[in-house]
S.K.: 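The structure is given below, and queries will be raised subsequently.
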Amino acid sequence: MSIDPTLDAMRPEPAHAPIPSVPEEEPKNTILLWAGGIIIVLVAVIFLIRLFYTPELQRGELQAYNNWEFERIQGLWQTIWQIENTQLILTFHYLPQETLNTSILVTPSWDSAAFDRNEVFIAFDPMREDQTYVQVAATELAFKLKSLGFNISSAYTRNASAELPPRPIVSCGTPNASVIIVDQAVNQTASLLFQKTCVLVQGDKEELVRATDRFLYTFYSIIPNLQ
């Protein structure tokens, strides 16, 4: 059977899908230049912000005592102490006025002139189970007295177990020795006892730390006397 030639003439030409146009790729060097320019602008903006904008520092709670200013920072009271060309930032657990109720006894035997800063023993009872507050007090004393030029050595008030490092045994009766004894006395409020060349720092837990601050305030002359 033959196909009518007129049908072939009437058949439309097959449609061809349009070829999408592809934009010309921008040269890589141009892209890098744009990226570098943007980075330079951002750096310049940051520099200008830091140059002309100084945010106001937020200060902690402020308290004053005897012309000294104290600022509350991370739970501690901080002040700046200066003598001659030496400037130190001191931190305390209590304000000076919070330590004024510390019981202080200065005996007639107390000899401050013989209290030799060239060798001061900070001693404690090594056999007490809980040494948390003792360690805080002893560390505060050692660190701050060293800043005043004291030569500090650790000692015990009695023999220690074999597990502890060996140290000298001292007491307030040790001849020719300058001694600070840190004593956590149960139910004892903050107290200081000065006799011969020995200082007994006493208190129960937080009261021991309070007594330590009171002692240090006197040595820094922030509280001018022991009375």
Side-chain angles (χ1 to χ4, degrees), residues 57-83 86-106 110 112 115 117 120-157 167 172 178-195 198-227:
L57 295 177
Q58 296 297 321
R59 300 197 67 184
E61 179 187 352
L62 299 178
Q63 293 285 344
Y65 176 81
N66 196 26
N67 296 322
W68 295 83
E69 183 182 80
F70 291 83
E71 182 180 1
R72 185 81 164 175
I73 298 177
Q74 296 182 349
L76 298 174
W77 291 104
Q78 185 178 103
T79 190
I80 297 177
W81 180 85
Q82 182 168 349
I83 182 171
T86 301
Q87 187 178 80
L88 299 174
I89 297 177
L90 304 178
T91 56
F92 298 91
H93 297 267
Y94 295 91
L95 288 167
Q97 52 266 43
E98 295 176 325
T99 69
L100 294 178
N101 61 348
T102 300
S103 174
I104 300 176
L105 177 60
V106 182
W110 167 245
S112 59
F115 193 82
R117 66 175 56 205
V120 176
F121 293 98
I122 295 180
F124 61 93
D125 184 349
M127 301 307 293
R128 287 190 178 274
E129 293 184 2
D130 185 5
Q131 299 282 3
T132 302
Y133 293 93
V134 171
Q135 290 176 358
V136 171
T139 300
E140 292 284 342
L141 287 166
F143 179 77
K144 289 185 171 67
L145 291 179
K146 282 181 179 179
S147 71
L148 291 173
F150 285 73
N151 185 21
I152 302 298
S153 299
S154 297
Y156 298 137
T157 56
R167 288 173 179 166
C172 284
S178 298
V179 179
I180 301 174
I181 296 177
V182 180
D183 180 29
Q184 181 172 309
V186 178
N187 298 325
Q188 173 73 51
T189 58
S191 68
L192 297 171
L193 172 64
F194 294 79
Q195 58 181 356
C198 177
V199 181
L200 179 61
V201 183
Q202 281 189 314
D204 189 9
K205 298 180 181 179
E206 292 89 351
E207 290 297 295
L208 179 61
V209 179
R210 188 193 304 272
T212 301
D213 278 0
R214 177 65 175 89
F215 174 82
L216 291 169
Y217 277 133
T218 299
F219 267 76
Y220 281 107
S221 297
I222 295 174
I223 299 178
N225 54 60
L226 290 172
Q227 304 303 322

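Starting from 1, each residue takes its place in the sequence as its number. Hydrogens, waters and symmetry mates are skipped; everything else that's a heavy atom, side chains included, is used.
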S.K.: Taking all atoms of both residues into account, what is the closest heavy-atom pair of W77 and Q63, and its distance?
M.R.: CH2-CG, 3.5 Å

S.K.: Is the number of heavy atoms from other residues, nucleotides or ligands under 6.0 Å of Q82 CD greater than 12?
M.R.: yes

S.K.: For atom CZ of F143, is the number of surrounding heavy atoms from other residues, nucleotides or ligands below 6.0 Å larger than 12?
M.R.: no

S.K.: Which pair of heavy atoms, one from A155 and one from F121, lies closest together, and at what distance?
M.R.: CB-CD2, 4.0 Å

S.K.: Taking the side chain as every heavy atom from C-beta outward, state whether I222 and F70 have any atom pair closer than 4.5 Å.
M.R.: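 The answer is yes; the side chains approach within 4.5 Å.
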
S.K.: Is the closest side-chain heavy-atom distance between L95 and Y65 below 4.5 Å?
M.R.: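 Heavy-atom side-chain distance check fails, nothing below 4.5 Å.
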
S.K.: Which heavy atom of Q195 sits nearest to which heavy atom of W110, and what is that distance?
M.R.: N-CE3, 3.9 Å

S.K.: Determine, for F215 and K144, whether the Lys NZ or Arg CZ falls below 6.0 Å from the six-membered ring centre while staying within 45 degrees of the axis.
M.R.: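 Here K144 fails the 6.0 Å and 45° test against F215.
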
S.K.: Which atom pair, heavy atoms only, marks the closest approach of P96 to I223?
M.R.: O-CD1, 3.9 Å

S.K.: May I ask you to decide if F92's main-chain N or O and D213's side chain share a donor-acceptor pair within less than 3.5 Å?
M.R.: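 Side chain of D213 to backbone of F92: no pair is present.
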
S.K.: Test side chain to side chain contact (heavy atoms under 4.5 Å, CB included) on L76 and H93; report intermediate values, then the result.
M.R.: CA-CA 5 Å; L76 298 174; H93 297 267; 3.5 Å; yes

S.K.: Can you tell me how far CG of L141 sits from CD1 of I181, rounded to the nearest 0.5 angstrom?
M.R.: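 So the CD1 of I181 and the CG of L141 are separated by 12.0 Å.
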
S.K.: Grab the two heavy atoms, one from T91 and one from Q78, that are nearest each other, plus how far apart they are.
M.R.: CG2-NE2, 3.9 Å

S.K.: Checking L208 against V136 for the side chain to side chain contact (heavy atoms under 4.5 Å, CB included) test, could you report, in this order, the C-alpha distance in whole Å, the side-chain angles of both residues, the deciding distance, and whether it holds?
M.R.: CA-CA 9 Å; L208 179 61; V136 171; over 6 Å; no

S.K.: Is it true that a side-chain atom of E207 and a backbone atom of A190 form a donor plus acceptor pair closer than 3.5 Å?
M.R.: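 Yes: the side chain of E207 pairs with the backbone of A190.
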
S.K.: Counting distance only, does the side-chain N/O of W68 pair as donor-acceptor with the main-chain N or O of T79 below 3.5 Å?
M.R.: no

S.K.: Look up atom CD in E69 and atom CG in L62, then write down how far apart they are to the nearest 0.5 Å.
M.R.: 5.0 Å

S.K.: Go through Y217 and T102 one step at a time and tell me if the side chain to side chain contact (heavy atoms under 4.5 Å, CB included) criterion holds.
M.R.: CA-CA 12 Å; Y217 277 133; T102 300; over 6 Å; no

S.K.: Do you know which two heavy atoms are closest between Q131 and D125, and how far apart they sit?
M.R.: NE2-O, 2.8 Å

S.K.: For Q202, give me all partners under side chain to side chain donor-acceptor pair (under 3.5 Å), at least two apart in sequence or on another chain.
M.R.: D183

S.K.: Hey, are the side chains of L145 and I180 touching, using non-hydrogen atoms and a 4.5 Å cut-off?
M.R.: yes

S.K.: May I have the step-by-step check of side chain to side chain contact (heavy atoms under 4.5 Å, CB included) for V182 and Y133, ending in yes or no?
M.R.: CA-CA 10 Å; V182 180; Y133 293 93; over 6 Å; no

S.K.: Between OH of Y220 and OG of S147, what distance do you get to the nearest 0.5 Å?
M.R.: 3.0 Å

S.K.: Kindly compute the distance separating CG (L193) from SG (C198), expressed to the nearest 0.5 Å.
M.R.: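 The CG atom of L193 sits 7.5 Å away from the SG atom of C198.
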
S.K.: Could you grab the distance from atom CZ of R167 to atom CZ of F124, nearest 0.5 Å is fine?
M.R.: 5.0 Å

S.K.: Nearest 0.5 Å please: distance from the CZ atom of R210 over to the OH atom of Y94.
M.R.: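 R210 atom CZ to Y94 atom OH measures 4.5 Å (nearest 0.5 Å).
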
